[in-house]
Amino acid sequence: MPEALARHAMVRITPASWRACLAGRADLDGLPYVASWAERGWPLVARRLAVGETGHALGLPLPPALGKRRLSFVLDPAAILSVAPPPRLAEVASLVPADWQPTLARFLALDPETRTFGSLAWQYLTGLTYLSPTSDIDLLWRLDGSADALLAGLADIARAAPMRIDGECLGAGGRAVQWRELAEGTPEILAKDAHGVTLVARSDFLSGAGC
């Protein structure tokens with residue numbers, strides 16, 4: 001079995017492999033953009049394997065205008081052209097509404113390496129309209145040292161933000177925890193990785209133990 005891809009990894013597929021994959025998906029015939037997705041250079045996103053699946057599990061979320069469907073695929077490693085992390089927030093900040101800009105500036109001041117996934121990332125990567133007036137913003141932070149200052153800063157920014165702030169903190173071994181749950185200080189927290197969800201001690205997650 002191939003090594004699992006990291007959470008939120010953006011995966012570009014060879015056009016030939018994409019055509020072969022879609023040849024067996026009559027349910028997707030006629031959906032705008034899907035047939036030419038790989039040729040346009042647009043990525044898919046890594047997801048967890050479901051029971052019985054083998055290979056690389058990938059997802060493709062369609063924009064609201066196409067019903068916000070979440071399409072699922074499994075491809076062989078040979079189909080993959082490249083794998084990259086989701087985009088940095090600094091790269092996509094110009095796409096957000098004006099009333100979001102001060103909040104994004106505060107996030108970047110807190111951690112310039114903040115990354116984004118979800119609607120904002122997909123709008124940046126494809127040029128299609130994913131954001132709406134009621135959209136949340138999904139962010140990703142890597143814990144390289146003490147988390148206290150980061151979590152306190154996130155909570156402070158979220159209180160004044162005009163949108164809901166969702167996102168995850170990435171720890172050792174690719175584990176991820178919802179930032180709000182981590183900030184609450186609960187002794188045990190739910191940690192996600194490429195293989196599933198486990199209950200771990202907050203102290204172990206922050207220290208990298210057991211990863």
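Atom set for the values below is all heavy atoms of this structure, side chains included, hydrogens, waters and symmetry mates excluded. For clarity, every value in this text was computed on a predicted model and none was experimentally measured.
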Audit row: Lys192, Arg7, side chain to side chain contact (heavy atoms under 4.5 Å, CB included) steps and yes/no:
CA-CA 9 Å; Lys192 302 176 182 179; Arg7 284 178 59 74; 3.7 Å; yes
Given side chain to side chain contact (heavy atoms under 4.5 Å, CB included), test Phe205 with Val177 step by step and report yes or no.
CA-CA 9 Å; Phe205 176 79; Val177 171; 3.6 Å; yes
Tell me, with the steps shown, if Leu139 and Leu120 meet side chain to side chain contact (heavy atoms under 4.5 Å, CB included).
CA-CA 10 Å; Leu139 301 174; Leu120 179 55; 5.7 Å; no
Give the intermediate values and the outcome of side chain to side chain contact (heavy atoms under 4.5 Å, CB included) for residues Arg202 and Leu182.
CA-CA 7 Å; Arg202 183 178 186 272; Leu182 195 60; 4.0 Å; yes
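For the atom pair CZ of Arg70 and CG of Leu60, the computed distance is 10.5 Å after rounding to the nearest 0.5 Å. Distance check: Thr129 OG1 to Leu95 CG gives 10.0 Å after rounding to the nearest 0.5 Å. Taken from CD1 in Ile80 to CZ in Arg12, the straight-line distance is 12.5 Å, to the nearest 0.5 Å. Atom CG of Asp111 sits about 10.5 Å away from atom CZ of Arg88, to the nearest 0.5 Å. To the nearest 0.5 Å, atoms CD (Glu181) and CD (Glu168) are separated by 10.5 Å. Rounding to the nearest 0.5 angstrom, the gap separating the CD atom in Gln178 from the CG atom in Leu190 is 9.5 Å.
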Donor-acceptor pairs under 3.5 angstrom involving side-chain atoms of residues 148-161: please list them, not counting sequence neighbours.
from, atom 1, to, atom 2, distance (Å)
Asp156, OD2, Arg106, NH2, 2.6

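When all heavy atoms of Asp138 and Gly118 are compared, the pair lying nearest together is OD2-CA, 3.6 Å. Nearest heavy atoms, Pro162 versus Asp99: CG-O, 3.3 Å. The shortest non-hydrogen separation linking Leu206 to Ala147 is CD2-CB, 3.8 Å. Here the closest heavy-atom approach between residue Leu75 and residue Cys21 is recorded as CD2-CB, 4.3 Å. Contact between Pro86 and Arg115 at its shortest, heavy atoms only, is O-NH1, 2.6 Å.
Every residue two or more places apart in sequence or in another chain was checked for a ring-ring contact (aromatic ring centres under 6.0 Å, His included) with Trp100, and none qualifies. Looking at residues two or more places apart in sequence or on another chain, you find no ring-ring contact (aromatic ring centres under 6.0 Å, His included) involving Tyr124. Residues passing the side-chain hydrogen bond (donor to acceptor under 3.5 Å, both in side chains) test with Arg164 are Asp166, sequence neighbours excluded. Partners of Ala38 according to the side-chain contact (heavy atoms from CB on, under 4.5 Å) rule, which considers only residues two or more places apart in sequence or in another chain, are Trp18.
With contacts defined as side-chain heavy-atom distances shorter than 4.5 Å, the pair Leu66/Tyr33 qualifies. At least one side-chain heavy atom of Leu58 sits less than 4.5 Å from a side-chain heavy atom of Leu5. In this structure the side chain of Leu44 never reaches within 4.5 angstrom of the side chain of Leu71, judged on heavy atoms. With a 4.5 Å cut-off on side-chain heavy atoms, Val83 and Met10 do not count as touching.
Side-chain atoms of Gln123 come within 3.5 Å of backbone atoms of Leu131 as a donor-acceptor pair (strictly under, hydrogens ignored). Judged by distance alone, with hydrogens and angles left aside, the side-chain atoms of Arg47 form a donor-acceptor pair with the main-chain N or O of Phe73 at under 3.5 Å.
A single hydrophobic cluster is seen to contain both Leu31 and Tyr130, as judged by linkage of ILVMFWY side chains at heavy-atom distances under 4.5 Å, directly or through other members. Placement of Met163 and Phe117 in two distinct hydrophobic clusters is found when ILVMFWY residues are connected by side-chain heavy-atom separations under 4.5 Å, directly or transitively. Each of Ile165 and Leu140 belongs to its own hydrophobic cluster when Ile, Leu, Val, Met, Phe, Trp and Tyr are linked at side-chain heavy-atom distances under 4.5 angstrom. Taking hydrophobic clusters as Ile, Leu, Val, Met, Phe, Trp and Tyr residues chained together by side-chain heavy-atom distances below 4.5 Å, Ile189 does not share a cluster with Leu199. Placement of Ile13 and Leu125 within a single hydrophobic cluster is found when ILVMFWY residues are connected by side-chain heavy-atom separations under 4.5 Å, directly or transitively.
The aromatic rings of Trp37 and Trp122 sit tilted, their planes meeting at an angle between 30° and 60°. Relative orientation of the Trp141 and Trp179 rings is perpendicular, given thresholds of 30° and 60° on the angle between their planes.
Within the structure, salt bridge (Lys or Arg N to Asp or Glu O under 4.0 Å) pairs that include any residue of residues 20-40 comprise Arg19-Glu39, Arg25-Asp27 (at least two apart or interchain).
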